[in-house]
Amino acid sequence: MATLPQTGTDWSELKGRLRQLKQGDYAWKDGRLPVYVYHYTEELMRVSQEAYMEFFTENALGRKAFPSVATLETEVIEMGIGLLGGGSRAGGTFTSGGTESIFLAIKTARDWARKEKGIDRPKIVMPVSGHATADKAADYLGMDVVRTPLRSDFRADVGLLEAAIDERTCMVYASAPGYPHGVFDPIEEIGALAKKRGLWLHVDACVGGFLAPFARELGYPIPPFDLSVPGVCSLSADIHKYGFAAKGASLVLFADRDYQKYQRFEFSNWPRGTYVTDTFQGSRAAGPIASAWAVMN
Ligand SMILES: Cc1ncc(COP(=O)(O)O)c(C=O)c1O
């Protein structure tokens with residue numbers, strides 16, 4: 001068991017030990033790892049690292065103390081909204097990753113359903129291919145999830161989604177693309193279903209958000225999947241995946257920023273005044289925000 005040492009060790013020796021430890025890891029730079037690390041070029045990584053180090057110390061919780069971080073964050077969100085089909089009413093939040101973006105979308109939909117539909121314990125209906133983190137969020141948030149079988153092409157079967165909807169359902173969840181098979185659910189059809197039944201549609205574009213728009217520009221047949229599709233209420237897109245930013249960078253975007261009143265946590269029943277956050281995290285690293293800003297620019 002490791003114990004705190006009585007005397008310090010020379011930094012160069014510690015650094016050597018850190019590097020030594022990595023010897024047994026997968027060789028991601030050689031393409032030996034298809035997940036966890038998204039590496040494009042050395043030059044891009046250098047930009048990401050240097051931007052991160054510029055904001056290594058700042059805290060994104062302190063928007064008034066660090067207007068610099070607030071500016072970077074706002075610009076990243078605005079660029080994301082522009083890329084992903086948001087209109088003039090759209091809004092969003094920079095988060096630590098896909099898990100936090102999805103958690104916040106589900107929390108927002110839960111509180112929307114409680115307030116506007118009177119559903120105490122809301123339910124999510126989704127194809128079985130949706131990311132595990134939806135169930136994780138539902139577990140934390142006191143919600144239920146129903147997962148439906150796929151079509152033979154591994155996409156959501158909209159008829160089965162519709163059949164699973166009941167009076168407690170608040171959200172339909174679809175992926176663009178899903179992690180297990182890498183295919184897009186039929187977002188337009190699911191959007192029409194969500195509109196018809198008065199439900200929230202979340203699109204998980206954690207993998208596709210910063211890849212698919214560019215693949216489309218290159219002429220690949222990317223189906224409509226973003227905030228411009230009628231019925232889509234929220235969308236998650238990870239900048240730390242194919243946006244190639246440092247880890248700890250994702251966006252949760254909303255078609256209408258009014259929804260974010262259900263996202264926000266506000267508290268003042270303590271001696272330190274009002275505490276308001278839009279994220280799950282309190283103190284937040286500013287490095288990933290600077291990295292995302294630099295890489296996007
Ligand atoms: C489609 C999809 N959604 C959500 C996540 C969760 O993202 P994170 O690991 O950044 O929390 C992933 C991760 O691979 C994913 O592929």
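Whatever order the structure lists ligands and atoms in, that order sets their numbers, starting from 1.
For Thr279, there are no side-chain hydrogen bond (donor to acceptor under 3.5 Å, both in side chains) partners at least two apart in sequence or on another chain.
Assignment of Lys247 to the shell around ligand 1 is not supported, since no heavy atom sits closer than 4.0 Å. Look at Lys241 and you'll find a heavy atom under 4.0 Å from some atom of ligand 1.
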Exercise for review: For the pair Asp204 and Tyr173, evaluate side chain to side chain contact (heavy atoms under 4.5 Å, CB included) and give the outcome as yes or no after the intermediate values.
Suggested key: CA-CA 7 Å; Asp204 177 359; Tyr173 183 111; 2.9 Å; yes
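In terms of protein heavy-atom proximity, atom 15 (C) of ligand 1 is closest to His131 CD2, 3.3 Å. Looking at atom 11 (O) of ligand 1, its nearest protein heavy atom turns out to be Thr99 OG1, 2.5 Å.
Considering each of Asp204, Ile239, Val35, the one bringing a non-hydrogen atom nearest atom 2 (C) of ligand 1 is Asp204.
Counting the atoms of ligand 1 from 1 in the order shown, those under 4.0 Å from a heavy atom of Asp238 are 7 (O), 10 (O). Of all the atoms in ligand 1, the ones that sit under 4.0 Å from a non-hydrogen atom of His240 are 10 (O). Heavy-atom contacts of Cys206 reach the following atoms of ligand 1: 2 (C), 3 (N), 4 (C) (cutoff under 4.0 Å). Near Ile102, with a cut-off below 4.0 Å to any heavy atom, the atoms of ligand 1 are 3 (N), 4 (C). Set against the non-hydrogen atoms of Val207, the atoms of ligand 1 under 4.0 Å away are 16 (O).
If you check the side chains of Ser96 and Glu100, you find a donor sitting under 3.5 Å from an acceptor. Checked by atom type, the side-chain pair His202/Ser236 shows a donor-acceptor distance below 3.5 Å. At a cut-off of 3.5 Å, with distance as the only test, a side-chain donor of Thr93 or Gln260 sits close to an acceptor on the other residue. No side-chain donor from either of Gln23 and Gln20 sits under 3.5 Å from a side-chain acceptor of the other.
Taking distance alone, with nitrogen or oxygen atoms compared against 3.5 Å, Tyr179 stays at or beyond that limit from ligand 1. The shortest N or O to N or O distance between Gly178 and ligand 1 is not below 3.5 Å.
Without hydrogens or angle criteria, Ser291 side chain to Gly287 main chain gives no donor-acceptor distance under 3.5 Å.
A tilted orientation is assigned to the rings of Tyr52 and Phe56, their planes being inclined by 30° to 60°.
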